[in-house]
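Note that the structure is a prediction, hence the values are computed from the model and not measured. The analysis underlying the following values was restricted to heavy atoms, covering all of them including side chains, and did not include hydrogens, waters or symmetry mates. Counting starts at 1 for both ligands and their atoms, following the listed order. Position 1 is the first residue of the sequence; numbering continues from there.
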Amino acid sequence: MQIASVVIEYSDDRLDKTFDYLYLGDENIIGKRVSVIFNHREVIGYVLDTSFSDLSKEELEEEYGFKLNFINKVIDNEALINEELLDVASYMSYKYVSPLIACLQVMLPKTLKPKTVKGSKIKYLLGYRYLNDGENLTVKQRELLGFIKEKKEVLAKDVNAGIANALVAKGCIKKVDIEQFRRVSISDNKEYSKDLVLNDDQQKAFDSVINTDKRCSLLEGVTGSGKSEVYFTLAKHFYNKGESVILLVPEIILTSQIAARFKGYFKDELALLHSSLSEGEKYDEYRRIKNGDVKVVIGTRSAIFAPLSKLGLIIIDEEHSESYKQESTPCYDTLDIALYRANYNNAKVLLGSATPSLESKIRAMKGEYNQIYLRTRVNNKKLPEVKIVDMNKEEDELFSNELKLLIQDRLNKKEQVIILINRRGYSPYVRCKKCGYIFKCSNCDVSENYHKIDNKLKCHYCGSERVLDKCPECGSGFFDKTGVGSQRIEELVKELYKEARVLRMDLDTTKGKDSHLKYVEMIRNNEVDIVVGTQMVAKGLDFPNVTLVAVLNIDSSLNASDYRAKERAYQLLVQVLGRAGRSEKEGLALIQTHNKDNDVLKEVCEYNYDLFCNKELAYRKRMEYPPFRNIAYILLSGKDYSELYKFAKESKLYLENLNEVNFTTLGPSSPYISKINGVHRLKLMVKFRDIKRSIKIFKEFKEKNLKNNRVKITIIVNPSNDI
Ligand code: ADP
Ligand code: ZN
Ligand code: ZN
């Protein structure tokens, strides 16, 4: 009899341990999903370990002192994850103070998660496999057998059934089920496959990554310096050594362009993993990787868990992006995982960005990372000139005169324009003109978003919606719909430039499958004159004919109440400016602002990131902010507000009374979202120096409160955003 140690699907600190179940079969079930009874309910579990016993069920129950259950069913034919990834999961569970099961779940595509979900099964089609050459075959039989022999396996639908059956009868081939993979579309535009030779700087960067004895290199390269080409050449190098490569990009939209570049070389040994694939496609890409058919994976955050063997290189492009940190349990940082996997596999990590995060900068300064620079654009093209427009002097609230003229000029010259709608720091909310009331969701305490199409207010946290009718405070029917969204700008642009072809790119318009790919191709093929988009158009894309970039509303970022506001604003600006003038024609960037004397804007104009970093680091040091201290949030949620508040106060006192040095607790305070679905939230903020020591404190704090089921505790270590 086998005794299996099983973790249960619920991500709950109280259940973050193994439960023993019995199993009569002999086969190895470690790493497989099982269906078991837990608390009278059928749930999915994941087998962490097994042992054998000669005792009977009754004898074992005697020994345990309670009743034991058998496993109902083993779900998988093979282990879901390998030893390495199990190790990664344990590391995450420790580092992010999260239940192990949550870490296992985040690593796997939905259909393979140890969790009760409906989902697609593996799809098989009938086919034939070659066995031997046989004797006395007809000409046609010999022809078909030759064909199958060459391919090893063929689908039944591709061959003549009569002849194939005859071959089966003669024992030359046999019927098999062939696993069908839904393939992800990647552009096969020939333009992406051109052969390029690295320039001197790129070659130096390449050599430096190969030759350094440091685990991790930081490639700081200005926009258009050809970082992607360095990644590509490195990927080929490791691939040709028989090692596999993961390349992470921050936005789905970037996968399409870089995948197109990689596809020409790696062909079917390339897989994509990102959230706009269908569940079926994700599953299939995952299976192809796990089967060893894939050597190079391109994807967004969770692709860091791709089950590649012989990992040689992990590249993280635009490494400063917030999207690399997950904001729900387990709140992991992709860079941590990358370094962990690289250590495990003796592989290398390459972080790339025009504006690395201050955390990475300081590690490079200290010599922990190998710092590499690409200081000029390919072929010494100039970085775009930056113009600051003082909106205090403008009549039009949104479009300055200068911008209007410049757009017209570009339209005349048949060049392209990108208009960035910076969405950080606000959402399109509705305000009563008469009394100033702001429409908010009563469940969630966040402003509701206004949707013009159906004249409705919608809460994007809990999903509730209602028709915009009268002000509940004063009864007035006149509203200010503030916070201009990309849709409104799109309308205005279309009104101003009737002849222009305008494309809006934001989360709404790019939802459809493959729409990213389509849009990127449309812009590259000059089927679009003006692109109006959110942050997603700012990053990494390479459009040769864009010569003007305009940033309409950077002020909300510059003034955000977040210690990272300046760093973020700088990074965003450099990224979006970098979209202009990437080919022969020179680029120009226009930033509209009400704060023209802001330091960040001045420094952006000079493109001196080191100078900016030094100033910013001095400020962080003075204020004891990261990277000089760590920050963690202890997020507390519960139904009864006064009880929650009392608990928060007591928790703070508990932490203070530990008398730890360099460990300060602030709060309690309200997070941005102080209520979700009727559940109140409060946060404590902890600033600390020693990560290991503090993780231990957080763990003990959670354990001490395990029995309290009225308050839920979530620990978020070094998040990318305030909560
Ligand atoms: P980055 O990622 O640094 O912003 P890209 O990798 O997108 O820059 O490269 C910018 C442009 O320069 C691309 O169009 C690319 O094809 C081109 N390019 C890159 N390296 C070379 C090279 N060695 N020779 C010629 N063109 C290059
Ligand atoms: Zn009102
Ligand atoms: Zn709500």
Side-chain angles (χ1 to χ4, degrees), residues 187-209 217-237 245 247-251 253-265 298 315-321 350-356 360 371-384 415-416 418 420 516 520-521 523-526 535-547 549 570-587 589 604 607 609:
S187 163
D188 47 14
N189 190 335
K190 287 278 169 301
E191 209 199 316
Y192 287 116
S193 322
K194 61 187 170 205
D195 279 323
L196 295 176
V197 181
L198 293 188
N199 65 31
D200 287 353
D201 286 348
Q202 286 171 318
Q203 186 62 45
K204 273 186 209 145
F206 173 92
D207 293 340
S208 180
V209 174
S217 297
L218 176 64
L219 173 60
E220 184 173 336
V222 298
T223 55
S225 56
K227 294 186 287 295
S228 321
E229 208 50 35
V230 176
Y231 305 156
F232 181 48
T233 316
L234 281 164
K236 287 191 281 192
H237 173 85
V245 178
L247 167 61
L248 300 180
V249 291
E251 298 260 356
I253 190 166
L254 290 175
T255 54
S256 56
Q257 215 165 57
I258 204 143
R261 179 77 180 127
F262 277 49
K263 175 82 178 169
Y265 191 84
I298 296 178
I315 304 168
I316 304 188
D317 188 27
E318 314 282 6
E319 66 89 34
H320 63 278
S321 298
L350 174 61
L351 309 176
S353 174
T355 51
S360 296
Q371 166 103 49
I372 310 167
Y373 288 100
L374 286 174
R375 294 188 192 272
T376 55
R377 282 188 155 179
V378 169
N379 299 334
N380 286 318
K381 271 165 239 154
K382 277 204 296 206
L383 282 160
E415 294 170 5
Q416 291 168 305
I418 291 182
L420 174 79
H516 302 97
V520 168
E521 291 301 292
I523 302 171
R524 271 190 91 93
N525 296 336
N526 278 306
Q535 262 78 334
M536 73 168 66
V537 297
K539 289 182 190 142
L541 292 165
D542 188 39
F543 300 126
N545 198 31
V546 172
T547 56
V549 163
Y570 192 106
Q571 289 165 342
L572 172 64
L573 285 171
V574 168
Q575 284 302 317
V576 68
L577 305 189
R579 296 318 105 212
R582 293 172 71 87
S583 199
E584 291 79 39
K585 299 164 205 155
E586 268 178 34
V604 163
Y607 289 106
Y609 193 54

Among K227, R582, E229, the residue with a heavy atom nearest to atom 7 (O) of ligand 1 is R582
Students should be able to answer this: which protein heavy-atom is nearest to [atom], and at what distance?
atom	result
atom 20 (N) of ligand 1	Q202 NE2, 2.9 Å
atom 13 (C) of ligand 1	D542 OD2, 3.0 Å
atom 8 (O) of ligand 1	G226 N, 3.1 Å
atom 12 (O) of ligand 1	V378 CG2, 3.8 Å

So CD of E318 and CG of L254: to nearest 0.5 Å the spacing works out to 6.5 Å
Notebook entry, point to check: Do the rings of Y570 and Y609 sit parallel, tilted or perpendicular, given the 30° and 60° boundaries?
Noted result: tilted
Practice task
If the plane angle is over 60° it's perpendicular, under 30° parallel, otherwise tilted; pick one for F262 and F232.
Solution key: tilted
*Are side-chain heavy atoms of L350 and L219 found at a separation under 4.5 Å?*
yes
*asked:* Within the 4.5 Å heavy-atom criterion, are E319 and S360 side-chain neighbours or not?
replied: yes
Any nitrogen or oxygen of [X], main chain or side chain, under 3.5 Å from a nitrogen or oxygen of ligand 1?
X	answer
G224	yes
S228	yes
L196	no
K381	no

Review point. Heavy-atom count around Q203 CD within 6.0 Å, excluding the residue itself: above 12?
Key: yes
Can you confirm whether K204 is buried at NZ, in the sense that more than 12 heavy atoms of other residues, nucleotides or ligands lie under 6.0 Å from that atom? no
Under 4.0 Å between heavy atoms, the region of L198 that gets near ligand 1 turns out to be backbone
Quick look: N379 vs ligand 1, heavy-atom contacts under 4.0 Å, and the answer is neither
Exercise for the section: Determine yes or no for a side-chain-to-main-chain donor-acceptor pair under 3.5 angstrom, with Y607 supplying the side chain and P384 the backbone. Expected result: yes
For V197, the atoms of ligand 1 under 4.0 Å from one of its heavy atoms are 22 (C), 23 (N), 24 (N)
Exercise for the section: Scan the protein's non-hydrogen atoms and note whether one is under 4.0 Å from atom 17 (C) of ligand 1. Expected result: no
With sequence neighbours left out, the residues meeting salt bridge (charged side-chain N to carboxylate O under 4.0 Å, His left out) with K236 are none
Q: Look at ligand 1 and say whether G221 reaches it with a heavy atom at a distance under 4.0 Å.
A: no
